[in-house]
2 protein chains.
Amino acid sequence: MASSQSRKRGTYHHGNLREALIDTAFAMIEEDGVESLTIRRVAERIGVTHAAPSHHFADKNELMLALATEGFARFRTALGSVMHISNPLERLSAMGRAYVRFALDHPGAYRLIMGPALSRIQIPAPHAVESGSLDHRTLAASEGTFDMLESTVAEAMQGHTAIGGAGVSGVAFLAWSAMHGAALLFLDEMIDCKLPDDSTDGFPRLLDEVIAFVEAGIALSPRGASPSSRT
Amino acid sequence: MASSQSRKRGTYHHGNLREALIDTAFAMIEEDGVESLTIRRVAERIGVTHAAPSHHFADKNELMLALATEGFARFRTALGSVMHISNPLERLSAMGRAYVRFALDHPGAYRLIMGPALSRIQIPAPHAVESGSLDHRTLAASEGTFDMLESTVAEAMQGHTAIGGAGVSGVAFLAWSAMHGAALLFLDEMIDCKLPDDSTDGFPRLLDEVIAFVEAGIALSPRGASPSSRT
DNA sequence: TTTTCATCTTGATATTGTCAAGATCAACGA
DNA sequence: TCGTTGATCTTGACAATATCAAGATGAAAA
């Protein structure tokens, strides 16, 4: 109750407006999407006038940056919950499921951290660092998640080449692309994921096939080609 | 010269405002992105007052719908340019390259037809038809492109199961997801595609590995498992 | 107690989508 | 030829939004 939305004493100074703005805005993007988020509505919901947020975030930009940081933290936590799995192939599959599950469960947050809403809004591109006005925490968090993926793929491939001659970065990119694309296709309702023949806990059946395909592509490789064998 | 932007006689009636709106708006989303598109700016660029477009498109919605229809037509043309390839595996690879190339060459159009800008804006979801106010031409165009993909995958798999036990719809979904995700990761600069070690005509090297991986996963399958063999 | 300064309010401006009412003009019928 | 009609475009307005400027408030420091 006495959370970030509560005021301290009178009605003039809020007490911790900055935190309240982030929390409330985060809840609002989960309810109505990133695009319909307005500073004025956030302020109104908190019970503060429309210009109050400007003293904590110069721009709507900066609010979005703070939201992205928060979103990345939650995203990283969601992915980290499966990192304890010792078998790299199993871990990779679990990462894929956790990835898409997060996107489906938190569409607003996912669109915020991965979608164009941020990059358009002058946000750090994980691999395009140019010392601009980028949020280092967001950057570190996003790079951390990609490292988790790449290291898991490397561990699963054990120095071998995957089918088709793909290397570690290629397979990691495939995995990321496929999960990212699948999540967005689901979210944008470009494809129907509400089919009755789902697998465990309502998880899209099609996605299981995708994950199994990638997993098999990695697992099959050692028998076929390794960097030191063949030509 | 006397294209869609030209007026007919005096300065009052434009002559073909509707076409001019679509053409100009399409050019503008390629220049500045979908989000910065403004009805007033389109009207101003054409040389017409801000309320003129309302007589051709009731909403910004309807303008977007028309733009999506146009974008889908161009997208379909781009994909269709490789449909003459007889070998299904080669055709599938070419489709993947054409897909991403279109997205990279026409970011605005791609985001318009595949991105959330449309679905949020009350646009037909290809597989979520519900007899609402959906544009049938757009719908038909999008379904046609997905059919091109699915039939090519089916032809390449020849009744067999792909690695990991994936069926035709699973592989088609993987291909679409991977290309969609890769395109967006490139466009959003989540990953760097401007590497010096690109393959032919500046095409991202990583994407070649992704395509080769999927291609190999399909090609390898007949030797392993088919629906009638094994268990 | 007085001062200082971050915080919040009030008020204003520019941009945007949308609506309503009027102006213009080409086509059509008498 | 001339008046009518209806589509097309303009003018003007309104509400919502981001942003800025100036003033009010009050807690902490001096």
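Order of the sequence lines fixes the chain letters, A, B, ..., with proteins taken first and strands second; residue numbering starts at 1 for each chain.
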Between C:dA6 (C1') and A:Arg18 (CZ): distance, integer Å: 15 Å
Which atom pairs link the protein and nucleotides 13-16 of chain C when you take only N or O atoms and keep those under 3.5 Å?
{"unit_1": "C:dT16", "atom_1": "OP1", "unit_2": "B:Arg41", "atom_2": "NH1", "d": "3.4"}

Could you check how far CD of B:Glu44 sits from P of D:dC9, rounded to whole Å? 17 Å
Ring centres of A:Tyr99 and A:Tyr110 under 6.0 Å apart? yes
Output the rounded distance in Å from CZ (A:Phe57) to P (D:dC20). 16 Å
Rounding to a whole Å, what distance do you find between A:Asp59:CG and D:dT17:P? 17 Å
Please determine whether a side-chain nitrogen of the Lys or Arg among A:Glu44 and A:Arg40 lies less than 4.0 Å from a carboxylate oxygen of the Asp or Glu. no
Between B:Arg41 and B:Glu31, is there a salt bridge with N-O shorter than 4.0 Å? no
Between P of C:dG17 and CD of B:Glu35, the distance in whole Å: 13 Å
Short side-chain N/O contact to C:dC8 OP1/OP2 from A:His50, under 4.0 Å: no
Atom CD1 of B:Ile46 to atom C1' of D:dT8: distance rounded to whole Å? 14 Å
Between A:Arg74 and A:Phe26, is NZ or CZ placed under 6.0 angstrom from the six-membered ring centre and within 45° of the ring axis? yes
According to a strict under-4.0 Å criterion, is A:His56 in side-chain N/O contact with OP1 or OP2 of C:dC8? yes
Check whether any side-chain heavy atom of A:Met95 sits under 4.5 Å from a side-chain heavy atom of A:Met83, and report yes or no. yes
In the structure I gave you, are the side-chain heavy atoms of A:Glu150 and A:Phe146 within less than 4.5 Å of one another anywhere? yes
